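As a basis for the values below, the full set of heavy atoms in this structure was taken, side chains included, without hydrogen atoms, waters or symmetry mates. We number each residue from 1, following the sequence as shown. Owing to the predicted nature of the structure, the values given are computational and were not obtained by experimental measurement.
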Amino acid sequence: MPETLPNEWLKWICSSQNPNELRRNYDQWAATYEIDVSGVWKPVPLAAALMLSEQISNKRGVILDVGVGTGLVGMALAELGFDNLIGIDISPGMLEQAAEKRIYRSLICCAIGDERFGDLERVNGIIATGVFAETHAGSAELRALQERIEPEGILVFTARRSFLSKLQGVLDQPGWTLIDTKVMPIYDDPVHVLAYRIYA
């Protein structure tokens with residue numbers, strides 16, 4: 001993992017050639033991830049968690065943290081009063097870091113669309129930061145999230161500006177209503193935080 005500028009971390013992780021390499025890279029990064037991203041990325045999970053909390057008043061509702069990483073989103077949600085959190089991630093190393101925070105009801109090693117993902121209960125809200133990007137997840141995975149959320153549930157996710165067009169076909173579907181958005185210029189390619197209410 002490069003010990004350089006944030007844009008270089010982003011380029012490195014998004015250059016993974018396949019899911020196995022992506023998993024290995026995140027496993028390799030897990031121990032130092034929070035230190036490496038603290039100055040740049042950390043505001044994004046906080047903003048996403050706050051956006052979700054503004055739309056979901058029932059803090060006992062089940063929230064699925066997709067791409068849980070080391071648990072930065074979960075920490076922010078816990079501080080906002082959410083206490084029924086489930087997390088998934090492809091990286092066992094990242095999940096070990098998240099488990100140490102003791103804020104998740106359960107943590108599952110799987111990818112969006114895996115059999116284990118399909119077995120998950122329907123949830124009141126889904127949050128996914130840093131998930132929709134090159135070599136990570138795209139429109140098929142976004143559609144799969146829709147199937148795990150209760151009608152009128154809330155989905156909050158992030159994507160860089162250049163990647164949003166690859167998701168637009170899903171976002172323009174009937175039943176997807178944009179209710180909040182925020183732009184965070186932390187990279188050369190700004191990050192968008194978006195909240196949708198899912199009616200379908």
**Sequence neighbours excluded - side chain to side chain donor-acceptor pair (under 3.5 Å) pairs with any residue from residues 88-98** =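 Those involving residues 88-98 are D27-S91.
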Is there side-chain contact between [X] and [Y], with heavy atoms separated by less than 4.5 Å?
{"X": "L194", "Y": "V156", "answer": "no"}
{"X": "V37", "Y": "K42", "answer": "no"}
{"X": "R161", "Y": "H192", "answer": "yes"}
{"X": "E21", "Y": "N25", "answer": "yes"}
{"X": "P190", "Y": "R160", "answer": "no"}
{"X": "N124", "Y": "I149", "answer": "no"}
{"X": "F82", "Y": "D65", "answer": "no"}
{"X": "L171", "Y": "Q168", "answer": "yes"}

Look only at the side chain of [X] and the backbone of [Y], and say whether a donor-acceptor pair between them is shorter than 3.5 Å.
{"X": "Y104", "Y": "G74", "value": "yes"}
{"X": "E141", "Y": "G138", "value": "yes"}
{"X": "R148", "Y": "L120", "value": "yes"}
{"X": "D114", "Y": "R116", "value": "no"}

With rounding to the nearest 0.5 Å, note down the distance linking [atom1] in [X] to [atom2] in [Y].
{"X": "D180", "Y": "M51", "atom1": "CG", "atom2": "CE", "value": "4.0 Å"}
{"X": "I63", "Y": "I126", "atom1": "CD1", "atom2": "CD1", "value": "9.0 Å"}
{"X": "E134", "Y": "L22", "atom1": "CD", "atom2": "CG", "value": "11.5 Å"}
{"X": "I198", "Y": "I154", "atom1": "CD1", "atom2": "CD1", "value": "8.0 Å"}
{"X": "T129", "Y": "L72", "atom1": "OG1", "atom2": "CG", "value": "7.5 Å"}
{"X": "T177", "Y": "L155", "atom1": "OG1", "atom2": "CG", "value": "12.0 Å"}

**Asked** Using 30° and 60° as the class limits, which term best fits the ring planes of Y196 and F157: parallel, tilted or perpendicular?
**Response** parallel
**Prompt:** If you group Ile, Leu, Val, Met, Phe, Trp and Tyr by side-chain heavy-atom gaps below 4.5 Å, do V44 and M75 land in one group?
**Reply:** yes
**Request:** Identify whether V183 and L164 are in the same connected component of the hydrophobic contact network (ILVMFWY, side-chain heavy atoms under 4.5 Å).
**Result:**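 No, no single cluster joins them.
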**Request:** Tell me, with the steps shown, if F117 and I108 meet side chain to side chain contact (heavy atoms under 4.5 Å, CB included).
**Result:** CA-CA 8 Å; F117 178 80; I108 302 161; over 6 Å; no
**Prompt:** When the ring centroid of H136 is compared with that of Y26, is the distance short of 6.0 Å?
**Reply:** yes
**Request:** Would you sort out whether L77 and I127 count as a side chain to side chain contact (heavy atoms under 4.5 Å, CB included), showing the intermediate values?
**Result:** CA-CA 10 Å; L77 288 172; I127 190 164; 4.1 Å; yes
**Request:** Go through the steps for R105 and E121 under the test salt bridge (charged side-chain N to carboxylate O under 4.0 Å, His left out), then give the verdict.
**Result:** CA-CA 13 Å; R105 190 183 86 195; E121 63 191 282; 2.3 Å; yes
**Request:** Please step through side chain to side chain contact (heavy atoms under 4.5 Å, CB included) for the pair I90 and R23, ending with a clear verdict.
**Result:** CA-CA 6 Å; I90 63 168; R23 183 181 298 108; 4.2 Å; yes
Can you name the closest pair of heavy atoms from [X] and [Y] and give their distance?
{"X": "N84", "Y": "G61", "value": "CB-O, 3.5 Å"}
{"X": "T158", "Y": "F132", "value": "O-CB, 3.8 Å"}
{"X": "A76", "Y": "L46", "value": "CB-CD2, 3.7 Å"}
{"X": "M184", "Y": "A47", "value": "SD-CB, 3.8 Å"}
{"X": "S139", "Y": "K166", "value": "CB-O, 3.7 Å"}
{"X": "V131", "Y": "V66", "value": "CG2-O, 3.3 Å"}

**Request:** Determine, for K101 against E79, whether the closest basic-nitrogen to carboxylate-oxygen distance falls under 4.0 angstrom.
**Result:**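 Judged by the 4.0 Å cut-off on N to carboxylate O distance, K101 and E79 do not form a salt bridge.
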